[in-house]
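Just so we're on the same page: letters track the sequence lines, and every chain starts at 1.
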2 protein chains.
Amino acid sequence: MLLYGSLGGVLIALLKYIEYQHFVRAYPAEIYGGALALIFAALGLWFGLRSAKAKEVVVLKEVRVRHDEPFVVDVAKLEELAITPRELEILGLIAEGLSNREIGERLFVSENTVKTHSSRLFQKLGASRRTQAVQRGKELELIP
Amino acid sequence: MLLYGSLGGVLIALLKYIEYQHFVRAYPAEIYGGALALIFAALGLWFGLRSAKAKEVVVLKEVRVRHDEPFVVDVAKLEELAITPRELEILGLIAEGLSNREIGERLFVSENTVKTHSSRLFQKLGASRRTQAVQRGKELELIP
DNA sequence: ACGAAAATCACCCATTCGTATGACGACTTG
DNA sequence: CAAGTCGTCATACGAATGGGTGATTTTCGT
């Protein structure tokens with residue numbers, strides 16, 4: 001800012017000197033004043049835009065985009081494969097790495113029940129292993 | 001822009017007229033010129049800053065798309081857990097739902113070998129089931 | 001070239017899993 | 001009401017899995 005100010009002052013003095021010596025008599029004062037006004041208006045505008053550009057850079061950016069969608073089960077595929085709610089529930093627990101026994105404990109049913117559910121589930125998913133069932137479930141968007 | 005231009009022109013004319021009529025004799029030309037320069041410099045600066053503010057708003061733009069990353073294994077965690085390349089490979093195949101036998105066939109090794117690898121893998125991952133290992137592997141970004 | 005790490009394989013044993021089969025009760029629907 | 005679906009549970013058996021130990025061979029870094 002200080003630099004700009006002093007530079008402007010020098011420029012003014014210079015211009016004034018030149019003008020006074022050579023043109024003050026050649027052209028009417030209106031031309032002189034107009035030119036001066038134009039020059040300084042341009043100068044001011046230039047400086048203004050310059051500082052404007054600087055400001056432009058400083059502007060902060062704060063935008064968040066979604067990263068994970070909420071996930072919804074593909075109900076169409078569920079019905080298509082005739083997978084019951086209970087079976088889907090068990091698929092989810094299988095995907096969490098729980099054993100049949102643990103699933104039974106969590107759902108307050110016997111391990112045998114879990115086995116029947118998972119067995120039917122595997123049939124419907126075309127899986128023969130639980131890891132396979134998990135993979136299929138993710139592919140079919142039945143589990144996140 | 002046009003509006004500003006014409007306004008500036010009118011202003012110039014007005015100023016010139018007033019000056020010519022009253023001050024041309026009262027003060028030396030330097031003062032007159034200096035004042036004019038100052039005024040127009042300020043005017044230009046003001047306009048510059050004004051347009052600067054407008055530009056500042058435009059800059060408010062941000063792209064932070066992050067939906068699907070290509071996925072790279074977390075080498076740091078791999079070393080931290082001392083997981084060998086072979087073990088990681090087997091983890092991937094487990095995640096695909098393959099049985100130990102199938103993994104052995106695909107890698108041209110015996111099922112027993114697969115079992116030892118997976119056994120050590122489970123130890124390192126703190127898993128007791130393969131489904132659990134898969135889950136841990138995904139959490140630790142060892143597999144996609 | 002030596003030694004450590006990795007990979008390979010085998011055997012054993014207990015547990016878990018997958019599958020089949022049958023059964024029973026609750027609920028829905030025609 | 002009869003049929004169908006769903007959830008529940010049991011038993012049984014073979015396959016798969018997990019865990020442990022021991023051993024040999026490759027590979028690789030210093």
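Across the helix from C:dA1-D:dT30 to C:dG30-D:dC1, the helix axis at one end is tilted relative to the axis at the other end by 60° (nearest 10 degrees, each axis from five pairs).
Remark: B:Gln135 engages A:Glu96, B:Glu139 in a side-chain contact (heavy atoms from CB on, under 4.5 Å) (not counting sequence neighbours).
Separating the CG atom in B:Asn100 from the NZ atom in B:Lys115 is a distance of 7.0 Å, to the nearest 0.5 Å. In this structure, CD1 on A:Ile90 lies 7.5 Å from OG1 on A:Thr116, to the nearest 0.5 angstrom. Distance check: B:Ile94 CD1 to B:Ile103 CD1 gives 5.0 Å after rounding to the nearest 0.5 Å. Between atom CG of residue B:Leu93 and atom OG of residue B:Ser118 there is a gap of 11.0 Å, rounded to the nearest 0.5 Å.
Listed in residue order, the members of residues 137-144 of chain A having a heavy atom less than 4.0 Å from DNA chain C come to none.
You'll find the side chain of B:Gln132 stays beyond 4.5 Å of the side chain of B:Phe122, heavy atoms only.
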**Item:** Contact pattern, 5' to 3', of nucleotides 8-18 of chain C - B, S or - by protein heavy atom under 4.0 Å
**Value:** BBBBB---SBB

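In B:Phe71, the CZ atom is crowded: over 12 heavy atoms of neighbouring residues, nucleotides or ligands sit closer than 6.0 Å.
Residues in residues 75-90 of chain B take part in these side chain to side chain donor-acceptor pair (under 3.5 Å) pairs, two or more places apart or across chains: B:Asp74-B:Lys77, B:Thr84-B:Glu87, B:Arg86-B:Glu89, B:Glu87-B:Lys124.
Atoms CD (B:Glu87) and C1' (C:dA5) sit 11 Å apart, rounded to a whole Å.
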**Message:** Show, in sequence, the C-alpha distance, side-chain angles and deciding distance for B:Leu121 and B:Leu88, and conclude whether the side chain to side chain contact (heavy atoms under 4.5 Å, CB included) test is met.
**Reply:** CA-CA 8 Å; B:Leu121 183 65; B:Leu88 178 63; over 6 Å; no

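B:Val114 and B:Phe108 fall into different hydrophobic clusters, where Ile, Leu, Val, Met, Phe, Trp and Tyr residues are linked whenever their side-chain heavy atoms come under 4.5 Å apart, directly or through other members. Both B:Leu98 and B:Leu125 belong to a common hydrophobic cluster when Ile, Leu, Val, Met, Phe, Trp and Tyr are linked at side-chain heavy-atom distances under 4.5 angstrom.
The heavy-atom pair separating A:Ala133 from A:Ala127 by the smallest distance is N-CB, 3.6 Å.
In 5' to 3' order, the nucleotides of DNA chain D bounding all contacts with chain A (an atom under 4.0 Å from a heavy atom) are D:dC6 to D:dT17.
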